[in-house]
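Everything below concerns the one structure shown next.
Sequence lines set the chain letters: A, B, ... in the order given, protein chains first and strands last, and positions in each chain run from 1.
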Number of protein chains: 2
Amino acid sequence: ARPKVGYFYSGKSAVNIIAQEVKNIKVKDMMSIPIIVTEESSVYDGIVTLFLEDVGTIFVVSNGSFTGIVSRKDFLKSVMGGADMNKVPIGMIMTRTPNVVTISPEENALVAAIKIIEHEVDSLPVVEKVEEAGKEIVKVIGRISKSNITKLFVELCKE
Amino acid sequence: ARPKVGYFYSGKSAVNIIAQEVKNIKVKDMMSIPIIVTEESSVYDGIVTLFLEDVGTIFVVSNGSFTGIVSRKDFLKSVMGGADMNKVPIGMIMTRTPNVVTISPEENALVAAIKIIEHEVDSLPVVEKVEEAGKEIVKVIGRISKSNITKLFVELCKE
């Protein structure tokens, strides 16, 4: 624990102390619940999910394994293009791996924030490889977004 | 300037030093350019602007004065509802003041982050009251979003 009052050694600066603190915060300790649909779900169901859960991006799985993401922007494009929302499956409009930036639950908060900024995305799926029934699948276990980072920023400053 | 090496007094904690630093960063020094449309613009033009500028929220003005905001979600709702995108004006689907959270350019970064989290919005219009041709108008001069906060977070940790 840091002394709240007194002198303390700053081999580096106060900023580095904060950076160190942030690096100790793991993605798995600050992530949100992921909102997941299957590739076969309709665009309509996807949009309803997006409104009900009030998220900007939904993660897509096929046979339990992560295959990509679909965003508010993808839905808007699809609906504007006149697609039949009840017939077109999410699999048709989603962005597929490996063209999706993901993050591991063991990574730290700073790495997550840097990935979000550098790749200009709103959120990152938190994924891990697991073996299920003898084959390897990529499981989505969380979601980390600019909201999580903004919340962390406020908490760090308020502490 | 903070010493990079050595001892320094911490009447409060390192966290408070960062909080102090953040409070010295003003909204006007970190805000982005606002994307603005008029109330008379069509929903279609609004969506095109949203895609071209790649923002989640557009600010709306009438006679040069700020009157509200319109988000990706509002557009999606409107298009799904079967509205004629070329005929319906933005004024019909926007969220109007005073039901919009705004911020002053002189406020600090922490206040902006807290407002974003507490009101669960993606961005805040940065506004100021000015007098033009003898009457008072509310001018939108910037935009501050979770992206700005996330970028600031990364910069503070990397410094």
Side-chain angles (χ1 to χ4, degrees), chain A residues 1-23 43-44 47-48 50-51 54 56 71-73 75-80 82 85 108-118 120 122 145-159, chain B residues 1-23 43-44 47-48 50-51 54 56 71-73 75-80 85 108-118 120-122 145-159:
Chain A
R2 255 187 339 266
K4 284 280 175 195
V5 174
Y7 286 84
F8 65 93
Y9 180 65
S10 102
K12 294 164 184 176
S13 69
V15 167
N16 289 85
I17 295 173
I18 284 293
Q20 200 47 56
E21 188 154 317
V22 168
K23 281 176 192 156
V43 164
Y44 180 85
I47 296 175
V48 170
L50 191 131
F51 276 101
D54 199 23
S71 71
R72 219 173 266 177
K73 208 165 154 181
F75 286 125
L76 197 48
K77 250 189 235 171
S78 154
V79 175
M80 278 190 81
M85 293 185 280
N108 71 57
L110 182 56
V111 171
I114 293 172
K115 274 197 170 189
I116 287 173
I117 294 302
E118 286 186 354
E120 296 183 359
D122 283 327
S145 66
K146 287 178 194 165
S147 304
N148 297 109
I149 305 293
T150 304
K151 266 178 214 162
L152 176 61
F153 176 85
V154 169
E155 276 165 29
L156 280 175
C157 291
K158 273 182 158 176
E159 220 170 64
Chain B
R2 255 188 335 270
K4 284 280 176 196
V5 175
Y7 285 85
F8 66 92
Y9 180 67
S10 101
K12 293 166 188 177
S13 69
V15 167
N16 289 86
I17 294 172
I18 283 293
Q20 200 45 57
E21 189 154 316
V22 167
K23 281 177 192 159
V43 164
Y44 181 86
I47 295 175
V48 170
L50 190 131
F51 277 101
D54 199 22
S71 72
R72 218 172 267 173
K73 209 165 154 181
F75 285 127
L76 197 48
K77 249 189 237 172
S78 153
V79 174
M80 278 192 80
M85 294 186 281
N108 70 57
L110 183 56
V111 171
I114 292 171
K115 274 197 169 189
I116 287 174
I117 293 301
E118 285 186 353
E120 297 184 357
V121 293
D122 284 328
S145 66
K146 288 177 192 165
S147 303
N148 297 108
I149 305 293
T150 304
K151 266 179 212 158
L152 176 62
F153 176 84
V154 169
E155 275 164 30
L156 280 175
C157 290
K158 272 183 158 175
E159 219 171 62

In short, A:Ala19 meets B:Cys157 closest at the heavy-atom pair CB-O, 3.2 Å
Taking C-beta and beyond as the side chain, do A:Leu76 and B:Leu50 meet within less than 4.5 Å on heavy atoms? yes
Pick one of side chain, backbone, both or neither for B:Lys23, based on which atoms fall under 4.5 Å of a heavy atom in chain A. neither
State which residues pass side-chain hydrogen bond (donor to acceptor under 3.5 Å, both in side chains) with A:Lys73; sequence neighbours excluded, sorted by chain then number. B:Asp54
Nearest heavy atoms of B:Ala109 and A:Phe153, plus distance in Å: O-CE2, 4.3 Å
Output for pair (A:Asp122 CG, B:Thr150 OG1), nearest 0.5 Å, gives 9.5 Å
The reported gap from NZ in B:Lys146 to CG in A:Asn148 (rounded to nearest 0.5 angstrom) is 9.0 Å
Among A:Tyr44, A:Phe51, A:Phe75, residue most engaged with chain B (heavy-atom pairs, under 4.5 Å): A:Phe51
Specify the closest pair of heavy atoms between B:Val154 and A:Ala113, including all atoms of both residues, with the distance to one decimal. CG2-CB, 3.6 Å
Which bit of A:Ile114 is near chain B, if near means a heavy-atom gap under 4.5 Å: side chain, backbone, both or neither? both
Go through B:Met85, B:Met80, B:Glu120 and name the one with the most non-hydrogen pairs under 4.5 angstrom from chain A. B:Met80
